[in-house]
Amino acid sequence: MTEIKDQETAKAGGQLVSAASAEVIIEFTQVNKWYGDFHVLKDIDLSVHKGERIVVCGPSGSGKSTLIRCMNHLEEHQSGSIVVDGITLNRNLKNIDHIRTEVGMVFQNFNLFPHLTILENLTLGPIWTRKMPKADAHDLAVKYLERVKIPEQADKFPGQLSGGQQQRVAIARSLCMNPKIMLFDEPTSALDPEMIKEVLEVMIELADTGMTMIVVTHEMGFAETVADRVLLMDQGQIVEENEPGEFFNNPQHERTKLFLSQIL
Amino acid sequence: MASIKKVPALSAAPPLSEVSVLGWMQKNLFSSVFNTLLTLVTLYIIYITVKGLWVWGIADAVWVADNRRECFEISTDGACWAGVIAWLDNIFYGRYPRQELWRVNLGIFFLFIWMTPLWLPRVKAKISIGMTTVFLYPFLGGYLFAGGEKGIFMQIMLTSAIVCLLANTIHSIIGIFSGRSLPEFISSLSGKKNVSDKTQRNIFLGFLALIFVLIFVWQMSWSLERVPWTKWGGLFLTLVIAGIGIASALPGGIILALGRRSRMPVIRVLSTTFIELFRSVPIITVLFMATTMFPLFMPQGFVLNKLVQVIIAVCLFNAAYMAETVRGGLQTIPLGQFEGAHTIGLGYWQTMGLIVMPQALKHMIPNIVGNFISLLKDTTLVSIIGLFDVLGMLRSISKDLPWLGLHKEPLVFGAILFFLICFAMSKYSRHLEVKLSTGHKN
């Protein structure tokens with residue numbers, strides 16, 4: 001609660017949330033990644049503080065998805081270092097499994113498990129990776145389903161739900177793991193316009209709880225209201241990085257101006 | 001002017017041509033001159049085939065006779081089923097000693113009892129039941145069929161199997177009536193409520209241990225007469241080979257398929273080599289290799305019985321085929337499922353066991369059952385290397401003195417037998433597909 005207040009004051013003061021008091025939870029140093037010959041990430045430097053909400057935008061193919069997929073090692077980087085929650089990501093499988101339980105992720109295509117009910121989707125992680133007793137996992141799942149406002153769907157299968165509902169289940173599934181960081185990879189891109197709102201509402205509520213969030217999205221309204229910082233990526237680089245007010249009203253870089261003119 | 005429909009249109013009945021029999025026939029059978037002609041020709045062909053079969057197989061057939069000559073005397077152009085009937089026991093059991101046949105029947109009955117709970121909706125813990133069928137039943141069935149002296153290992157496994165069969169049966173009966181599992185039931189007998197999972201399990205295991213000791217002592221006092229494998233035969237032998245093949249092909253295939261997709265080069269290369277090697281060779285070659293070549297490579301005096309060699313060969317061969325089926329199923333699972341599993345921290349085996357395999361296996365049911373059916377039919381090839389399976393038995397009828405030269409009828413009977421078994425399997429696979437696909441569309 002106090003953390004939110006800190007950030008509010010920091011924002012009011014027109015400062016980036018680089019307050020020395022906030023703990024750095026993700027640190028990218030000179031990260032490079034290639035897909036074959038294609039250089040996706042070029043010398044990325046980035047630090048994310050605890051409780052910070054960051055929106056990453058940019059044209060397709062700019063490397064924004066790859067950037068956040070590196071944060072829980074769904075993608076492997078080839079040089080530089082990535083430190084998440086004090087653990088350096090490398091090929092150590094134990095570290096990776098640990099990081100993945102600390103970092104929740106929501107995908108464009110939900111990636112729910114179609115053969116399990118909504119409730120089973122939610123309890124799977126707590127039961128198998130947190131070794132939680134079944135009854136406790138069940139209570140936890142119900143609690144988060146209520147938070148994303150679909151407790152009545154608990155016994156259905158993902159295929160029976162609308163896209164917006166599925167995405168909310170996906171968010172609840174991640175939250176059941178009690179993560180320190182939430183990554184969102186274009187969470188609303190596969191949704192019909194009327195469903196985007198319900199998902200964004202859940203995300204805004206989540207942001208209000210002080211969760212560290214990194215969101216790849218084209219929803220500029222969301223960026224303006226929720227983000228502490230907005231990044232623009234282009235051709236594998238972070239081109240501009242600023243607080244939303246400045247980013248949208250007074251973009252510094254030509255590329256940002258071009259991007260904003262196309263998207264708004 | 002904008003027009004707005006205020007009342008939704010009522011649903012009308014479909015036109016008559018869509019629902020009546022005559023309408024259907026007109027649309028599908030007699031829509032043009034050519035189609036009408038085609039229909040009539042087809043009907044005629046069906047008529048003469050069915051009529052021929054009817055006259056030969058049923059109307060003019062001989063059901064009771066002592067030998068083939070007698071058959072001819074009664075009817076010259078009907079089937080002589082009397083020969084098949086006289087040989088029925090041989091067709092089903094081969095040369096298994098007649099006074100010991102109850103052992104085969106009992107073994108099959110136990111298997112039936114063991115597996116029935118898998119089809120009962122109210123019974124819990126189906127996975128454990130399935131696993132014990134694969135890993136424990138073979139000891140019970142195997143000892144019933146083969147008999148002989150029990151080694152200490154066999155005694156332990158046999159006892160475990162009997163304990164498990166008992167527990168299974170009681171568990172299922174309780175399940176049918178109360179929907180509870182056996183551990184829950186036992187701990188509820190103590191009168192306490194809300195027993196934790198762990199105590200429940202401990203009480204249950206304690207019970208099992210007690211029964212184990214009792215049965216172990218009991219089983220020491222008797223043994224069954226040894227029936228050497230050379231006496232096994234007929235449909236019984238076919239089902240033993242195919243059953244073991246089916247039970248081992250799926251796990252073997254899953255392991256090989258995962259190995260082939262492994263990121264570890266050694267495992268990948270070994271799996272791929274194994275799969276490709278076995279898939280590029282006809283099964284009859286594998287059988288000959290196993291029975292005639294394999295002993296040559298073994299040290300002198302190392303004698304493995306032929307049946308075991310054949311079974312191993314069948315298992316390896318079918319595991320290789322199954323591996324490719326499973327790999328095909330694995331490829332239908334989108335990458336997103338793996339990523340979804342990773343993000344909640346599931347490791348490799350958990351991802352495979354909880355997320356990927358359940359979905360992939362469901363997609364693969366038709367192919368898996370197809371493999372099982374061809375496995376069953378392929379086992380008839382063992383008659384070539386001198387085992388008297390069901391085909392071997394059917395063909396020996398024509399060499400039996402009273403029925404000398406009776407070729408056609410036994411083979412027709414065999415065809416019907418195989419059709420019934422295979423058709424049942426494929427029907428069951430359809431049923432499984434429908435049952436498992438409800439509400440899982442994605």
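Naming: A, B, ... by sequence-line order, numbering from 1 per chain. Everything numeric in this text was worked out from a predicted model, so none of it was measured.
Using a 4.5 Å cut-off between heavy atoms, A/N72 contacts chain B through its side chain alone, with no backbone atom that close. Contact annotation for B/Q350: only side-chain heavy atoms (C-beta onward) come within less than 4.5 Å of a heavy atom of chain A. Residue A/R69 touches chain B through its side chain alone, counting heavy-atom pairs closer than 4.5 Å. If you measure heavy-atom distances from A/F107 to chain B, the contacts under 4.5 Å come from the side chain alone.
Using a cut-off of 4.0 Å between Lys/Arg side-chain N and Asp/Glu carboxylate O, A/E120 and A/R173 are scored as not salt-bridged. Salt-bridge check for B/R260 with B/E276: passed, with a basic side-chain N closer than 4.0 Å to an acidic carboxylate O.
For the set B/A341, B/P334, B/G347, the entry with the most heavy-atom pairs within less than 4.5 Å of chain A is B/A341.
Judged purely by distance below 3.5 Å, without hydrogens or angles, the side chains of A/Q153 and A/K156 pair a donor atom with an acceptor atom.
By the 4.5 Å heavy-atom criterion applied to side chains, A/I82 and A/V31 are counted as neighbours.
Atom CD of A/E205 is separated from atom CE of A/M211 by 13.0 Å, given to the nearest 0.5 angstrom.
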